[in-house]
Each structure stands twice: as C-alpha cells, then as structure tokens.
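Contents: one structure, followed by commentary.
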Number of protein chains: 4
Amino acid sequence: MDDQEGRQLIGEFPSVPKQERAYQKRKALLESGRVLFSDKGYENTTAKEIAAHANVATGTFYRYFCDKRQLLMELIKDQLERYMPPEPSWLNHDPEAVLATLLEKHNQRLNRLGLHRVLPELLPHDPELAEVLADVRRKLHDSIHEGLKQAKELGYTWEDLDLDSVAWSILVLTEKLPEMGPETGYIPNYHAISKIICRMVFPPEILLQLRSEEKGLTGNNYTNGCDHEI
Amino acid sequence: MDDQEGRQLIGEFPSVPKQERAYQKRKALLESGRVLFSDKGYENTTAKEIAAHANVATGTFYRYFCDKRQLLMELIKDQLERYMPPEPSWLNHDPEAVLATLLEKHNQRLNRLGLHRVLPELLPHDPELAEVLADVRRKLHDSIHEGLKQAKELGYTWEDLDLDSVAWSILVLTEKLPEMGPETGYIPNYHAISKIICRMVFPPEILLQLRSEEKGLTGNNYTNGCDHEI
Amino acid sequence: MDDQEGRQLIGEFPSVPKQERAYQKRKALLESGRVLFSDKGYENTTAKEIAAHANVATGTFYRYFCDKRQLLMELIKDQLERYMPPEPSWLNHDPEAVLATLLEKHNQRLNRLGLHRVLPELLPHDPELAEVLADVRRKLHDSIHEGLKQAKELGYTWEDLDLDSVAWSILVLTEKLPEMGPETGYIPNYHAISKIICRMVFPPEILLQLRSEEKGLTGNNYTNGCDHEI
Amino acid sequence: MDDQEGRQLIGEFPSVPKQERAYQKRKALLESGRVLFSDKGYENTTAKEIAAHANVATGTFYRYFCDKRQLLMELIKDQLERYMPPEPSWLNHDPEAVLATLLEKHNQRLNRLGLHRVLPELLPHDPELAEVLADVRRKLHDSIHEGLKQAKELGYTWEDLDLDSVAWSILVLTEKLPEMGPETGYIPNYHAISKIICRMVFPPEILLQLRSEEKGLTGNNYTNGCDHEI
DNA sequence: AATGAATGAGGCTTCATTCAT
DNA sequence: GATGAATGAAGCCTCATTCAT
C-alpha cells in the first residue's frame, strides 16, 4: 500500500534492503497491533503478544516503537484519513442513495480497521490521543458542516437548520450505528439510516425535486409547500 | 436494601449504627469507585486507590466487594434505571420542547454518573457486562420503539418510518451527544437536537398542528381522527 | 471430660457461670481448630474459620489464644498423652494378640485426633513444636525400649536385639502404618503388623512357649530350640 | 533433557550458551527451591525468596515455572527415581549386609534431596501431588512385594508371611527411619535396621544357610534346621 | 539489528491481628 | 467479655521495558 514512500531509496545502497526489511517489520507490528488491539483491547494486549504475532522478538518491538502506546498512536495517525468520510455530496445526485452507499463503504472501512473497539478504552485517560481523535472528528464535522452550509445557502435544506447540531448528529450516527451489530440487536440498515439523515437535512419536496430534475436542479428557496410523498 | 432498617435508627442503638456505618462505607466505596473510574478509567484505578479515596484500608474494600469488577457491576446495576430515559411522550405536548427538556435532564444524570467514560473500556472484554448493558439498551430502544409505533399508528409520523432504525438513531443520539463536551468542540444544544429528532419522526405539518391545537388536536393523516390523550 | 478442673468454682460466685461459659468456648475453639486443621491443614485454616466453626466472633478467638499457633500448641499439649501408647506388655499374655489390640485402639485414637495430618506441616519450621513432639516420641520410645529391655533381660528376645533400633522401628511402624488408608492402597492389618513386630522381637519358640504356658511362664534364657510353626 | 546439546558446547557459540545459561538458571531455581523448601517449608518460602536465592529477579522465576507449586512438582518428578529403592535382592547374597548397604545409600540420597521435609506439608492438601507420591510408593511397594513373593515361593521366608503387610512395613521403615536424625534422638543404625527387616522376612536358619552357601543355594523348602548365631 | 531472557515495580488479594462499639 | 469490621503487611503473579549476547 504505502510501500512507495518506504522504497524511495531502492537501488541506491546496499543498506536499502535492510531498510526495506525494517519497514516490513514495522508494518507487520502495526498490523499485529491493530488486530490484537481490536480483538482483545489495548490493556489486554501485551507487547510480547504483538511481537510474537508479527514474528519478531519482544525486543524488536522496542526498536520500532518507543512503547506500546506509540504503536497505537501510529496506528491511528496512519489511518486517520480512513476515518474521514468521503466528500459527502448532498446536491448533485439522489442524496439518499449516495449517502447510503457512502455510509456502507465507510462502515466497512471502520470495521476492517476495528479501532473503534480500542479508542473508547483509551480516550478518557490519554489526553494526547483524545486530542488527535478530537481533531479527526472536528475535521470530519467541519467537512459535513461545510457541505450542509452550501446546501443551506442554496436553499435546499430546512430553513432553520442548526448546522452544528445536525453535523454532529450525522457524525455520531455514522460513527456509532455501524458499531452496532447482531449482538446489540440492530443490524444497520444503511438505506433507512440514510433516509433518516436526509430528513434531518432536507424537506421532502427538495428530495423529490432533486430526484426528478437530477441535474437540471434549480436552487430556489424552499417554500412551505407540502406533498411529502416519498 | 438495608436502607430502611439501617437508616431510621441512627443514633438509637449500637447495633444499628454498625449496620449504618457499614452501609455508609459501602456507599463511600461505590462513590469513590465511580469518581475514580470516570476520572482515570477502570484499568488505571486500583482497588487500593478506591479504598484510600473512601478513607478505608485496602482490605476493607474486599469486605464489601469481592473484587474491583464487582464494584463496577454494582455501580452499574444500582444505577441501571438512571440510564433509562423517562417515558418519552411524543403526542400530548409540544414534542420538541418536551423532548429537549427530557434530553437535558437525562444528560445531566448521565454526566453525574460519569459511567459512560468507563463502559466502553470494558464492553469489548467483559461479556457479562456487555450483556447487562445490551439489556438496558434494548429496553431503552424498545420503549422508544413502542412510542414511535403508537405515533405511527395514529398517523402522526412520516408514513414510511423505519421504526427500528429511527429508534436506534434516537438512542444513539441521546446517548452519545451528551458525552460530547467542550473538549470535542460541541456543546450539546438540546433544543436543536430535539428539533432534529422530531424531524426524523414527524412531518412538519404535524408538528405545527400539534403545537397549534394543543389538545383539540385532530389527527388526520394525515387523516386519522384522534384524541391522543396519553 | 476435663470439665472438673474448670468447674471447681461452681456455686461460689456469680462469675462462675461466666467462667464456665468461657471454658466451653475455649473448648469449642480447640475442637474446631482440631477438626479444621486435620481437614484442611494448618496454613489453610484461618483464625476466622475456626472462630466461625466454634460459633464465636473472630475477635473472641484472640481472647482465648494469643495466636493461631498457640491454639495448635494447646491442642497438642492437651492431647499429648493420647499419643502415648498404652503400656505395652510383652510378657504376660499372648503378645501378638495383645499388641494387635493395642495397635488398633491406638490407631483409632490417632485417627480421631487427626493431628498427624497437621504435625508434619509444621514440624520442620517450628522448633518449639518439634521439641514438644520429639519429647513425646522420646517418651514413647523410652517406654517401648524399657519393655524390650525387660523382656531381653528375661531372655525372651533374640539375643542380639538392638533395643534402640527395634524400639524406633516399632514406634515408626505403629505411628505410620495407621496413617495409611485406602487411598494409599494399604488397609492396616493389625494382626499381621503385630506378628511382624513380634517377630522383630521374639524368636518363634518363645512366642509358642509364652502362648502355651500363659501364666506359668518361666523366664529361662532362650536356648535354640525351634519349632516355629505358626 | 537439553543437557547434551546445551553442555558440550560451552563457550563455543553465543546461541548455545544461551540455552546453557537458561538451563543453568532453571537448575539453580530448582536447587534453591529444594534448599529453601526443605529448610523453611513450602508455605514459608516465597517465590521471591527462591528467585533471590538463585540470584535472579522475581519475574525470572515465572519464566521457568508457572508457579511455586510447579517448581515443587518438577523437583519431585525430576527425582522420582531417587525415591525408588535399588532393586532389593533378597536371595543371592548376604541379604542383611546387602540391605544395609542399600539402605544407607538410599538414605543418603533422601537426605541430600531433603524433600521428605516438604512432602508431608502438602500431601493432605494437594491431591495431585498426593497421587504422584502414592504412585511412587505403590511402585516401591510392588517391587518389594514382588521380591518377597519370589523369596516366599522359593521357600526362604516365614511360611505365613503376609506379603502386603511386610512390604508396607519395609517401605515405612526404610522411608521413615532415615528421616530421623540427632534431633529426634535416633541415629539410624543401618545394620541393625537391616537385621530387623531380615528377621521380619526370613527365619534365622535361612539367613545362615544363605550366608554359608552363598551361590550354591538350593531352594528347598525351608525345614527347621537352626543355628541362629548371628 | 535482532533476539529473548531478565528485570522489578506494581496490581490484586488474603488473612493474622487489632480495636471501636 | 463479645463482636465483627477494619487494618495493612505480605504473598502471588504480570508485563512493560531493558540489556547482554
């Protein structure tokens, strides 16, 4: 994946294969950490286990990471962008369907990473981590917020939309609903969630309008007509 | 529990104060546990610290609780009902305002307990606790779901409401938004959240109608005639 | 049993019943200690358990015994004489049968006391206890030794009897064989053991002679006659 | 075990000494355990002490043994065969002298091990250990029993020998007498003990006969010849 | 650089003993 | 005297981290 940066020196020096191998090891450790952390939690995973899972010696762990916590931080930083949702495009397409698709993909990513099982364990006790996470969330929120703002300015949303609250609501729903699963009694229905979110944002007429006009969209201010057949 | 016998006789007789003091001590330990757990997390809090914080010796801890985990379980069980939201009454009053109030109160309770800082830490690794928590959530969800169902049957909600998804969305929003605070960059605006939730449930006309007619409400579906005294 | 000493003051003073009750409590504690020690071992028995088993409060234990060890010492001292074997009378009767009976009774006593389960646990680490026990054993040994000596002087035993070794052998056999039980695969056969011991001491002719002459025993020095059909 | 590979290469290569050193450390811990257990008893010896005595850190103890008990078990299992007495050969030689020698050697082994100070402490409370020990004893008993049986069938023993009781008696005497020492007031006299044991088994004539004929032994049924000058 | 044995602080828990009632 | 709650030292064991090879 990110191999490219690591390999920038290929062919330049005999030491390169060494660096390459080192790089692989680092990657293996990160991956082992990810897997074990999300399986058994951060506190319940020992450095030794991570090393063993990555097929290196205990001591090697500490050549690549100054401590267990750092591995987690790297893990999170490395994958920050994967927490970022794809640019949510409210306007140009059938927002419900688009959102449903985006949600599903995003959730698959989240589940693949599995870090949502670890973060809550540490957030309260690790201010730095909390800060990092808060940053990601803020960016995520900001991006949602910005999209909503544009939509609002074009007159597509409810007039009285509280951008901030809606953005956080969307963020929370998209973050937490996928964490649910059979064991909690709810299997996320992305289409339904998507509809719910759209209803938080758009009056029903707009959704109809968007869907019918597809591209010839005219951004008139919404006026309280109502025929919410959906 | 031993409350009644224990408390009413304070000062009357040596034997009773003994029970009373034991009761107080137990309470002090629970409270110390609650405070320290939500301050520093479960794993980072030692039994010794809890004892010290409650002004008792280490060993005393183990007279009242067989181990650290049990204290947490008691903490949670003792306060389960506080996790339950008050009966959400969608129909009789201005639902937005009522919901806003309920949310605010509920959130204050949650924040006072502070257990939402601890639970995520343990949930993945403690199946029993997870089960207990899942139960509470399911009940909460069911109660929300039931309220929504009644409203839907009366024709007050969007016709195509996916009760399950909406109920879980409401649960998630009411559970997670209050956990946010200045540090995450969002100070919950209960009125805005309330409006968002109502929009997930009711078409705007219904809300207007409810608000204007207050009690002489005619529930057309919207034609559904109705007198939802509940 | 030993109630008499305890009751010497009966009727003299109102305080006497108190002393009586105290005495009963002490006895109950000793008995509880005995039972629990021989069931679960000394280290594995807590003062609290002993108190509970004797139906007194933990603290009461320490009114009667300065510590756990003292209870054990009392137990042992109280019952020292029960470790002493009955005067073994080699000469006057059918020694085998007599010995068999004595062994059986002694072993029953030992098993009732059950202390042989406890002593080995402590002996190596408690010089005082070891001394006490060694004393008992020495006395036991001396008494056996003395009996053997008399028999030897009367010419009833093997000529070259090593009194010391034989006495210790008898002591060891009578002490250890009864500790065996079904779980070790040997159910003590007292008659056989008795025969073995007699053979260690007496030439077969003497045994025959003793048995036939019963009381008109003439203690002539044993001269190698032999018909050891037994 | 790792003995061979481990030892022969000392100093040759870094990897081997590593195993060697680990092996040495394990041995040191076992030895420290042995010494401390037999000095102060099992319960009174802490893992920390054992580690300290072996000049390693507390944690190192747990690299080699999962807990204190396991060290003891290893100790015992490692040395089981040393509890087994050498094949007791009743027939071919002067049984008394041979037995005396065997006893002495066996006792030296036992005393070197010193485990007889520990075992009684644990036996009552540790069924697994008890089982292991009982096994060893049963084997020991069986081997003695078998030897006796052969001798009996050849007509060398008392006719009415109760094999089981005699075998257990021999086992008990050989096991317990050596545990005695100056502190108990008896310094084992192996020759005397040996004579006692032989008397439990053989009529005096047989002993004489065995001694005189040495190898030209004719296994005729014992007939009361007698000249038990010893 | 890699290894994995070694370290030892620190958590959990028990229990002999004390002490307020 | 009696009670049983309280005490806290001390044992067991884990695991993050270091270090000799």
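Worth knowing before you read on, the calculation uses all heavy atoms, side chains too, and leaves out hydrogens, waters and symmetry mates. Bear in mind the structure is a predicted one, so any value in this text is a computation, not a measurement. Below, read A as the first sequence line, B as the second, and so on, with proteins coming before strands; counting in each chain starts at 1.
Distance, C/Tyr62 OH to E/dT17 P: 4 Å, rounded to whole Å. We find that CZ of A/Phe65 is positioned 14 Å from P of E/dA1, with the value rounded to whole Å. Rounded to an integer number of Å, the gap from CG of D/Asn44 to P of F/dC12 is 10 Å. E/dC12 atom C1' lies 16 Å from atom CG of B/Leu72, rounded to whole Å. Taking atom CZ on B/Arg69 and atom C1' on E/dT13, their separation rounds to 16 Å, with Å as the unit. For the pair A/Leu36 CG and F/dC15 P, the computed distance is 13 Å after rounding to whole Å. Taking atom CD of C/Gln70 as the reference point, atom C1' of E/dA16 lies 14 Å away to the nearest angstrom. One atom, OH of A/Tyr23, and another, P of E/dA2, lie 16 Å apart when rounded to the nearest Å.
Inter-residue side-chain proximity for C/Ile76 and C/Leu119 is flagged as met; some heavy-atom pair is nearer than 4.5 Å. With a 4.5 Å cut-off on side-chain heavy atoms, A/Glu49 and A/Lys40 count as touching. C/Val56 places none of its side-chain heavy atoms less than 4.5 Å from the side chain of C/Phe61.
Among C/Leu30, C/Ile50, C/Leu75, the one residue that satisfies the side-chain contact (heavy atoms from CB on, under 4.5 Å) test with C/Phe65 is C/Leu30. Here the options are A/Glu43, A/Glu128, A/Glu74, the test is salt bridge (Lys or Arg N to Asp or Glu O under 4.0 Å), and the partner is A/Arg69; only A/Glu128 passes.
Between C/Tyr62 and C/Ala47 the shortest heavy-atom distance is OH-CB, 3.7 Å. Residues C/Ser32 and C/His53 come closest through the heavy atom pair OG-ND1, 2.8 Å.
The backbone N or O of C/Tyr42 lies less than 3.5 Å from a partner atom in the side chain of C/Lys68, making a donor-acceptor pair.
In this structure, CG in D/Asp78 is found 6.5 Å from CZ in D/Arg26, a value given to the nearest 0.5 Å.
In DNA chain F, consecutive stretches of 3 or more Watson-Crick or G-U wobble pairs with both distances under 3.5 Å are given as paired ranges: E:2-21 with F:2-21.
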TODO: Spell out protein contact along nucleotides 6-11 of chain F as letters: B when the base is contacted, S when just the sugar-phosphate is, - when no protein heavy atom is under 4.0 Å; keep the 5' to 3' order.
DONE: SBB--S
